[in-house]
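Numbered from 1 within each chain, the chains take letters A, B, ... in sequence-line order.
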There are 2 protein chains.
Amino acid sequence: MNLKKLSEKLGLSQTTVSRALNGYPEVNEKTRIRVQEAAKRFNYSPNSRAKGLATGRSMVIGHVIPSAKKHEMVNPIFGDFVAGASDALAHFGYGMMFTRVEADAEEDAYRNMMSNSSVDGVILQGPSVNDARIAMLQRIGMPFVVHGRSSGVTTPYSWVDVNNTRAFKRATQFLTQLGHMRIALLNGREDMDFAVRRREGYIAALEDAGLSVDETLMRSAEMTEGYGHQAMTEMLAAPNPPTAVLAASMISAIGVRRAIEEAGLRMGRDISVVTHDDDLSYLGNGQGAPIFTATRSSVREAGELVAEFLIDQIQNPDSGEKTHLLEAELLVGDSTGPARKGI
Amino acid sequence: MNLKKLSEKLGLSQTTVSRALNGYPEVNEKTRIRVQEAAKRFNYSPNSRAKGLATGRSMVIGHVIPSAKKHEMVNPIFGDFVAGASDALAHFGYGMMFTRVEADAEEDAYRNMMSNSSVDGVILQGPSVNDARIAMLQRIGMPFVVHGRSSGVTTPYSWVDVNNTRAFKRATQFLTQLGHMRIALLNGREDMDFAVRRREGYIAALEDAGLSVDETLMRSAEMTEGYGHQAMTEMLAAPNPPTAVLAASMISAIGVRRAIEEAGLRMGRDISVVTHDDDLSYLGNGQGAPIFTATRSSVREAGELVAEFLIDQIQNPDSGEKTHLLEAELLVGDSTGPARKGI
DNA sequence: ACAGTTTTCCAAAGCGCTTTGAAAATTCGC
DNA sequence: GCGAATTTTCAAAGCGCTTTGGAAAACTGT
């Protein structure tokens with residue numbers, strides 16, 4: 001069923017039917033109702049491509065996922081972020097399109113989306129420090145919102161980010177106040193902007209507390225369970241091990257806990273652990289008291305905000321850049337306690 | 001840059017340019033090369049909507065995510081499955097489109113996609129027993145491939161599934177052979193087809209071993225960490241606790257382990273745990289020896305296969321239904337051991 | 001009842017591509 | 001070198017929608 005047939009059945013022109021369905025005022029309320037009912041009855045829904053062609057809008061926002069190596073890690077927050085974003089997008093009638101490309105072809109992918117005009121805007125995930133994609137998107141004029149920020153990029157752009165610096169500063173302070181002097185940081189990949197900010201927060205708190213920064217207590221890698229486990233195991237085996245650890249994610253914190261227990265120690269008593277909790281739906285941090293003391297910020301909420309900002313930017317392109325800094329709450333759980341002397 | 005302008009610049013008709021770019025034979029090789037170079041130079045890429053309108057193909061496959069309640073769980077395998085599927089799709093020039101709808105509007109969503117013709121086919125995730133969506137898609141003539149199967153649906157359809165029954169039967173056998181008599185099953189939601197099959201495998205193995213089925217040792221719920229922890233805690237507190245547990249996923253197995261340790265027991269010695277491992281990229285099951293004894297099957301591979309089947313079905317609609325049953329390997333790790341009498 | 005408004009509807013152009021049917025240019029056979 | 005066969009190119013229609021510019025119909029007030 002298409003517009004032409006529908007209008008023939010109704011004995012109206014395509015124009016009128018189209019207008020009736022799209023809520024234009026220049027159509028009699030009675031005929032509008034008649035048209036709407038017929039549309040429902042014949043199960044008519046306008047061809048999205050034809051509509052897009054005519055309007056120049058695709059009602060789709062894009063998401064390109066670069067794939068470096070074949071079996072690169074998939075970010076565990078992906079699902080929840082997408083759920084949040086999709087909820088907001090669906091609310092405005094937008095869909096979400098994924099394109100997977102080789103990492104070195106990412107620029108081309110955006111350029112194509114633009115000349116294609118297959119999407120009305122894109123979401124930029126996982127910005128690195130000085131992320132070149134931002135300038136690139138601005139150059140080609142593609143609307144976008146960044147999930148995170150990119151230190152070093154000076155031109156304004158829209159973003160939604162967690163206050164990673166403050167979160168990790170507070171977390172570190174929390175540990176120093178408990179008397180911890182040797183605090184390890186199992187950070188994410190430090191080419192990622194969020195990881196750099198977390199490190200800054202960590203270092204700032206250490207310096208405030210008059211503690212020196214020990215490079216041997218700092219690691220940086222993809223945040224897997226295995227990474228958490230391995231890093232913690234190595235640190236515990238080294239001379240003068242840490243008494244507390246900041247982990248980059250729940251997943252890696254789980255690995256940290258495993259290492260602690262394998263060493264015959266107990267988390268929260270012998271070693272304190274603080275992690276960042278993205279509030280993933282399948283990985284709740286305990287029902288009552290949190291398992292892990294954690295800086296928590298919902299990635300789902302971030303997804304919703306990103307989507308809202310993006311749609312706003314598409315609909316009024318001149319409204320300027322929107323930014324939002326989410327504060328993470330510091331939730332105290334069972335994984336932290338006062339530093340014990342000489343374990 | 002569009003076709004018209006490009007053809008004007010080249011002094012050729014749109015027809016010729018279009019044919020040159022789409023590899024039709026009726027165009028001189030020299031002009032083809034000239035056209036291709038110009039296209040690259042002017043950064044021309046055909047408008048996907050216009051192309052779709054003209055060809056009747058959108059080169060997009062759809063994925064609808066029903067959202068029951070606002071904060072429903074997001075499946076942790078989502079990311080890896082999508083990565084696998086997108087890789088395969090990208091290879092054939094297809095994109096992937098997500099639409100999030102209220103669960104009760106799922107049928108409408110498919111129907112719209114069809115009359116819209118906004119997608120060329122869809123992937124069906126998480127089939128339940130007797131899933132009504134299958135008949136529905138067949139009725140409206142939308143090409144689709146199911147990730148999983150649906151017991152009770154008798155008409156043929158394309159699917160890719162893991163042999164859940166055999167996997168859990170073998171896992172259970174493995175435990176009975178170690179002397180375990182009281183084996184718990186922390187299953188996924190049993191309205192899901194995969195969970196039903198796993199239960200069947202579990203029960204079959206128990207019966208083969210001459211063991212009786214104890215309803216108090218069987219749970220079923222969304223596979224979160226919290227679920228694993230709570231169920232295990234309760235079972236350990238009950239009289240006559242199990243000596244072994246089958247967990248539905250790595251995530252819930254992690255909760256199980258936490259409960260075991262909180263109870264002052266040791267996994268692998270006091271309580272054996274077997275889990276299903278979807279081989280998620282961020283949740284490796286140990287580097288050397290696996291942490292958990294597990295039935296493993298890559299959800300990423302499943303994603304690739306589903307995508308390939310779907311594209312095949314779109315390209316030759318009459319080639320019949322394709323199905324593939326992935327066998328899970330049983331990997332022995334440190335989480336299992338012989339049953340201990342009287343813990 | 002009639003010119004002037006306002007409301008309601010429509011024909012046709014256009015969005016950017018593919019594809020059909022035909023014309024122009026080239027090559028071939030002799 | 002000339003008609004036939006073949007290769008190469010093109011104009012125009014069509015995909016299903018929106019939207020412009022106008023016409024017809026229905027109300028105004030006098």
Can you sort out which residues in residues 39-49 of chain B have a heavy atom within less than 4.0 Å of DNA chain C? Ascending by number, please. B/Tyr44, B/Pro46, B/Asn47
Kindly write out the residues that satisfy salt bridge (charged side-chain N to carboxylate O under 4.0 Å, His left out) with A/Asp193, not counting sequence neighbours, or none if the list is empty. A/Arg197
Of the residues in residues 112-120 of chain A, which ones touch DNA chain C at a heavy-atom distance under 4.0 Å? none
Short of 4.0 Å, heavy atom to strand atom, which residues of residues 5-16 of chain B count as contacting DNA chain D? B/Gly11, B/Leu12, B/Ser13, B/Thr15, B/Thr16
When rounded to the nearest 0.5 angstrom, what is the spacing between CG in B/Asp108 and OG in A/Ser45? 10.0 Å
Do any pairs count as a ring pair (Phe, Tyr, Trp, His ring centres under 6.0 Å) and have a residue in residues 3-51 of chain A, sequence neighbours left out, and if so which ones? none
Among all residues two or more places apart in sequence or in another chain, which pass the salt bridge (charged side-chain N to carboxylate O under 4.0 Å, His left out) test with B/Arg149? B/Asp161
Would you list the pairs meeting ring pair (Phe, Tyr, Trp, His ring centres under 6.0 Å) in which at least one residue belongs to residues 116-153 of chain B, sequence neighbours left out? B/Phe81-B/His147
Pair B/Arg49, B/Leu53 - check side-chain contact (heavy atoms from CB on, under 4.5 Å), show working. CA-CA 6 Å; B/Arg49 282 195 303 276; B/Leu53 233 205; over 6 Å; no
Does any part of the side chain of A/Asp80, heavy atoms only, come nearer than 4.5 Å to the side chain of A/Asp278, both counted from C-beta? no
Using the rule given for side chain to side chain donor-acceptor pair (under 3.5 Å), can you reason through A/Asn47 versus B/Ser117, listing the C-alpha separation, both sets of side-chain angles and the distance that settles it, and then say yes or no? CA-CA 6 Å; A/Asn47 180 302; B/Ser117 66; 3.1 Å; yes
Please lay out, stage by stage, how B/Met96 and A/Met97 fare under the test side-chain contact (heavy atoms from CB on, under 4.5 Å). CA-CA 6 Å; B/Met96 192 167 199; A/Met97 169 102 173; over 6 Å; no
Partner set under side chain to side chain donor-acceptor pair (under 3.5 Å) for A/Arg32, not counting sequence neighbours: A/Glu29
Any donor-acceptor N/O pair, B/Asp120 side chain to B/Ile61 backbone, under 3.5 Å: no
Report the distance from atom OH of B/Tyr24 to atom P of D/dT7, rounded to the nearest whole Å. 18 Å
Begin with the C-alpha distance, continue with both residues' side-chain angles, and end with the deciding distance and a verdict on salt bridge (Lys or Arg N to Asp or Glu O under 4.0 Å) for A/Glu37 and A/Arg41. CA-CA 6 Å; A/Glu37 277 171 359; A/Arg41 192 151 43 90; over 6 Å; no
Would you say D/dT19 has OP1 or OP2 under 4.0 Å from some side-chain N or O of A/Thr55? no
Does B/Val27 or B/Leu53 map to a spot on DNA chain D nearer the 5' end, using the closest nucleotide for each? B/Val27
Shoot me the first and last contacting nucleotide of DNA chain C against chain A, ordered 5' to 3', at under 4.0 angstrom to non-hydrogen atoms. C/dT8 to C/dG16
The helix from C/dA1-D/dT30 to C/dC30-D/dG1: angle between terminal helix axes, five bp per end, to the nearest 10 degrees, reads 30°
Can you pull the ring pair (Phe, Tyr, Trp, His ring centres under 6.0 Å) pairs that have at least one residue in residues 93-142 of chain B, sequence neighbours excluded? A/Phe98-B/Phe98, B/His63-B/Phe98, B/Phe78-B/Phe98
Which pairs, with at least one residue in residues 314-324 of chain B and sequence neighbours excluded, count as a side-chain hydrogen bond (donor to acceptor under 3.5 Å, both in side chains)? B/Asp312-B/Ser319
Rounded at 0.5 Å granularity, tell me how far CZ in A/Arg111 sits from CD1 in A/Ile140. 6.5 Å
